[in-house]
Amino acid sequence: MESIQAIKGMNDILPDQIHWWQRVENTARSILENFGYREIRTPVLEKTELFSRSIGENTDIVEKEMYTFADRKGEWLTLRPEATASIVRAFIQHNLQADPLARKFYSTGPMFRYERPQKGRYRQFHQLDAEVFGVEDPMLDAELMYMLRVFLEQLGLSGVVLHINSLGCPACRAPYRSLLQTFLLQNRATFCSDCQRRLHVNPLRVFDCKVERCQKIIENAPMLLDSICEDCRDHFAAVRSYLDRLQTDYEINPRMVRGLDYYTRTTFEIITDRLGAQNAVGGGGRYDGLMRDLGGPDLSGIGFAIGMERLILLLQQQRSEPQRSPLVFLAILGDQAKQEGFLITQQLRSHGIEAEMDYARHSLKSQMRRADKLAAHYVVILGDEEMAAGAAQLRDMQSKQQSSIPLDGLVPLLKEIIRNGDATAAKN
RNA sequence: GUGGGUGUAGCUCAAUAGGUUAGAGCACUGGGUUGUGGCCCCAGAGGCUGUCGGUUCAAGUCCGAUCACUCACCCCA
């Protein structure tokens with residue numbers, strides 16, 4: 001009988017990997033909360049229309065990457081390909097603009113895109129997401145990127161660069177788009193087949209084509225940054241100066257184009273060259289018209305998403321293993337000792353000490369081996385002799401020092417020993 | 001959706017030009033005189049060689065199909 005496999009591109013995160021996730025999630029929580037963000041959790045499944053309306057009908061995500069299907073009543077549903085749309089929807093639905101405290105949100109969870117998986121790209125992947133509504137001040141754009149930097153620094157991530165750009169507003173982007181299109185059409189024949197197609201569908205995308213031939217032509221193309229309107233120009237200049245004041249390094253990348261239609265003005269990406277074909281660890285930007293377009297109040301918005309898998313892949317390359325809390329292992333010999341050891345194990349745990357015992361009747365040697373494999377700090381040896389004497393043997397696995405420890409009051413005493421052991425270890 | 005690469009033990013990999021009972025390291029279990037870890041030694045367990053079909057006296061090895069994984073394109077986190 002053939003065993004059942006997980007769905008392509010959807011991965012199990014096993015216990016030996018989970019500490020990476022917990023570390024990233026815990027760091028994210030503490031930092032985002034400091035910056036005033038509050039967690040929000042929305043369903044992974046939404047009406048298809050939410051995404052097609054927000055992300056854009058002609059984007060790749062909506063055209064070919066969504067997990068979409070009809071439910072039993074024939075309603076079209078989609079597994080979320082990104083988080084912003086859902087959070088905006090929830091904000092509108094619960095009329096959160098009436099709540100003076102609800103402005104900054106964050107969320108983590110799985111996203112789904114139907115693509116061929118490869119390094120750093122999966123059909124189910126996880127994002128850390130932050131969104132702010134109703135603040136147009138460029139100060140916030142800078143603050144958001146600064147927060148991102150603090151977060152990545154806290155994790156000890158190196159080798160990434162912040163790229164920023166401005167996409168202008170609908171008012172200045174439309175004229176530019178036709179300007180660019182005219183330019184591209186003049187060189188039409190020279191472009192690769194992909195760009196021939198982009199030329200019509202989304203001319204801006206020609207900018208991030210990897211074909212050298214196309215890059216050559218595009219060098220002389222009119223740049224969006226040169227043709228954005230006065231207001232957008234001022235906004236972008238302000239963002240840059242705030243970033244400078246926060247000593248946050250960035251590169252202006254006038255060719256950076258994002259894959260979702262709703263972005264306006266400031267956009268940014270965290271770029272790396274250590275993830276194979278993938279270069280974006282995270283990205284985001286302003287989306288001032290989205291809330292209104294989804295039927296809500298006309299509030300501005302800005303946010304970012306970080307790919308957890310990609311972030312963790314990078315952290316793993318840097319190999320910074322976290323340290324574990326001390327573990328006590330109980331080596332048991334004999335039935336009577338097993339009964340007593342069982343109780344002690346539970347008591348240790350209930351007092352906040354990680355403890356493990358041997359439930360099978362293994363030899364002391366094999367139990368010691370196991371304790372070693374588990375990297376136990378202490379082993380409590382409990383056999384018939386100890387039961388008779390009313391005192392167990394306590395072995396410090398590092399120093400190999402072994403002493404007698406009375407069964408009566410063993411848990412508080414052990415707790416004390418561990419605390420002192422930690423104190424001296426911390427000094428060294 | 002398109003192209004390349006790879007499928008042998010839990011993991012990493014061997015197996016001469018097709019040729020007996022498919023091996024090794026790590027991991028796992030037990031043991032190396034009474035109840036003491038890491039190193040060392042011994043033993044054990046663990047495989048329908050991804051699946052199906054074809055060629056052959058003989059297929060892990062050659063051919064075809066299929067599935068899976070992987071890398072890349074498109075695009076993105």
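Letters A, B, ... mirror the listed sequences (proteins, then strands); counts begin at 1.
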K.L.:
Without swapping roles, check the side chain of A:Arg123 against the backbone of A:Pro117 for a donor-acceptor pair under 3.5 Å.
P.N.:
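Judged by distance alone, no pair lies under 3.5 Å.
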
K.L.:
Would you classify A:Leu311 as touching base, sugar-phosphate or nothing, given that sugar-phosphate means primed atoms plus P, OP1 and OP2, and contacts are heavy atoms under 4.0 Å?
P.N.:
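Contact class for A:Leu311: none.
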
K.L.:
Counting any heavy atom closer than 4.0 Å, what does A:Ala371 reach on the DNA or RNA strands: base, sugar-phosphate only, or nothing?
P.N.:
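Nothing, no nucleic acid heavy atom in range.
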
K.L.:
Within the 4.0 Å heavy-atom criterion, would you say A:Gly120 contacts the bases, only the backbone, or no part of the nucleic acid?
P.N.:
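Base contact - A:Gly120 has a heavy atom under 4.0 Å of at least one base atom.
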
K.L.:
Quick one: A:Leu364 CG to B:G30 P, roughly how many Å, whole number?
P.N.:
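To the nearest whole Å, that distance equals 12 Å.
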
K.L.:
If only side-chain N and O atoms of A:Gln118 are considered, is one of them under 4.0 Å from the OP1 or OP2 phosphate oxygen of B:C71?
P.N.:
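Checking A:Gln118 against B:C71: no side-chain N or O falls below 4.0 Å of OP1 or OP2.
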
K.L.:
Please work out if A:Gln124 contacts a base, only the sugar-phosphate, or nothing of the nucleic acid, heavy-atom cut-off 4.0 Å.
P.N.:
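Result for A:Gln124 = nothing.
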
K.L.:
Would you indicate what A:Asp372 reaches in the nucleic acid, counting non-hydrogen atoms under 4.0 angstrom: base, sugar-phosphate, or nothing?
P.N.:
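Base, at least one base heavy atom under 4.0 Å.
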
K.L.:
For B:G19 and B:A59, measure between their P atoms and round to the nearest Å.
P.N.:
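Between the two P atoms, the distance is 11 Å.
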
K.L.:
Taking atom P in both B:G37 and B:C28, what distance in whole Å separates the two?
P.N.:
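Those two atoms are separated by 15 Å.
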
K.L.:
Please determine whether a side-chain nitrogen or oxygen atom of A:Lys373 lies at a distance below 4.0 Å from atom OP1 or OP2 of B:G37.
P.N.:
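Result: no.
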
K.L.:
Should the pair A:Tyr67 and A:Tyr114 be assigned to parallel (<30°), tilted (30 to 60°) or perpendicular (>60°) ring geometry?
P.N.:
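Taking A:Tyr114 first and then A:Tyr67, their aromatic rings stand perpendicular (interplane angle over 60°).
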
K.L.:
Does the pair A:Leu157 and A:Phe151 meet the rule for a side-chain contact (heavy atoms from CB on, under 4.5 Å), with working shown?
P.N.:
CA-CA 9 Å; A:Leu157 185 72; A:Phe151 169 59; over 6 Å; no

K.L.:
Report yes if at least one side-chain N or O of A:His362 is closer than 4.0 Å to OP1 or OP2 of B:G30; otherwise report no.
P.N.:
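Affirmative; the distance criterion is met.
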
K.L.:
Could you state the atom-to-atom distance from CZ of A:Arg123 to C1' of B:C69 in whole Å?
P.N.:
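So the two atoms are 13 Å apart, to the nearest Å.
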
K.L.:
If you measure from the C1' atom in B:G18 to the same atom in B:U61, how many Å do you get, rounded?
P.N.:
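B:G18 and B:U61 have their C1' atoms separated by 6 Å.
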
K.L.:
Remember a base hit wins even if backbone is also touched, and classify A:Arg258 as base, sugar-phosphate or nothing at under 4.0 Å, heavy atoms.
P.N.:
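Sugar-phosphate contact only - A:Arg258 comes under 4.0 Å of backbone atoms but never of a base.
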
K.L.:
What is the distance, to the nearest angstrom, from the CD atom on A:Gln5 to the C1' atom on B:U51?
P.N.:
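Rounded to whole Å, this separation is 13 Å.
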
K.L.:
Take the protein atom CZ of A:Arg395 and the nucleotide atom P of B:G35, then report the distance between them rounded to whole Å.
P.N.:
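Whole-Å distance recorded here is 16 Å.
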
K.L.:
Could you check whether the side chain of A:Gln402 and the base of B:U36 have a donor-acceptor pair of N or O atoms closer than 3.5 Å, going by distance alone?
P.N.:
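Indeed there is one.
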
K.L.:
Calculate the interatomic distance between A:Leu260 atom CG and B:C75 atom P; express it in whole Å.
P.N.:
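Result: 14 Å.
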
K.L.:
In Å and rounded to the nearest 0.5 Å, what is the CZ to NZ distance from A:Phe329 to A:Lys373?
P.N.:
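Taking CZ in A:Phe329 and NZ in A:Lys373, the distance rounds to 12.0 Å.
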
K.L.:
B:G31, OP1 or OP2 - any side-chain N/O from A:Ser363 closer than 4.0 Å?
P.N.:
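Yes.
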
K.L.:
Work out how far the P atom of B:C48 is from that of B:C11, and round it to whole angstrom.
P.N.:
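Taking atom P in both B:C48 and B:C11, they lie 13 Å apart.
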
K.L.:
Using a strict threshold of under 4.0 Å (side-chain N to carboxylate O), is an ion pair present between A:Glu49 and A:Arg53?
P.N.:
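Yes, charged N to carboxylate O under 4.0 Å.
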
K.L.:
Please tell me if A:Lys400 has a side-chain N or O lying less than 4.0 Å from either OP1 or OP2 of B:G37.
P.N.:
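No, A:Lys400 has no side-chain N/O under 4.0 Å of OP1/OP2 on B:G37.
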
K.L.:
Taking the side chain of A:Glu65 as its heavy atoms from C-beta onward, which of B:C75, B:G37, B:G35 lies nearest to it?
P.N.:
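Among B:C75, B:G37, B:G35, the one nearest the side chain of A:Glu65 is B:C75.
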
K.L.:
How is A:Leu333 classified with respect to the nucleic acid when contacts are heavy atoms under 4.0 Å: base, sugar-phosphate, or nothing?
P.N.:
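Base contact.
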
K.L.:
Without decimals, in angstroms, what is the distance between A:Tyr114 OH and B:G1 C1'?
P.N.:
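So the two atoms are 10 Å apart, to the nearest Å.
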
K.L.:
Have a look at A:Glu115 and say if it touches a base, only the backbone sugar-phosphate, or nothing, with a 4.0 Å heavy-atom cut-off.
P.N.:
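Base, at least one base atom sits under 4.0 Å.
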
K.L.:
Please state how far atom NZ in A:Lys365 lies from atom C1' in B:C40, giving the value in whole angstrom units.
P.N.:
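Checked: the NZ to C1' distance equals 11 Å.
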
K.L.:
When all nucleic acid strands are considered with a 4.0 Å heavy-atom cut-off, which category describes A:Thr59: base, sugar-phosphate, or nothing?
P.N.:
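It contacts nothing in the nucleic acid.
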
K.L.:
Using a heavy-atom cut-off of under 4.0 Å over every strand shown, decide if A:Glu385 touches base, sugar-phosphate, or nothing.
P.N.:
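Answer is base: heavy atoms of A:Glu385 come under 4.0 Å of a base.
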
K.L.:
Would you mind checking if A:Lys8 and A:Glu115 are paired as a salt bridge, meaning a charged N to carboxylate O distance below 4.0 Å?
P.N.:
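Salt bridge flag = no for A:Lys8 with A:Glu115.
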
K.L.:
If you count every heavy atom of other residues, nucleotides or ligands that lies below 6.0 Å from A:Ile7 atom CD1, does the total exceed 12?
P.N.:
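Counting neighbours around CD1 of A:Ile7, 12 or fewer heavy atoms of other residues, nucleotides or ligands fall under 6.0 Å, so no.
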
K.L.:
Looking at the base of B:G38, is there any donor atom on it, or on the side chain of A:Arg369, that sits under 3.5 Å from an acceptor on the other one?
P.N.:
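A donor-acceptor contact between them is absent.
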
K.L.:
In whole Å, what separates the C1' atom of B:G25 from that of B:U8?
P.N.:
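To the nearest whole Å, 15 Å.
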
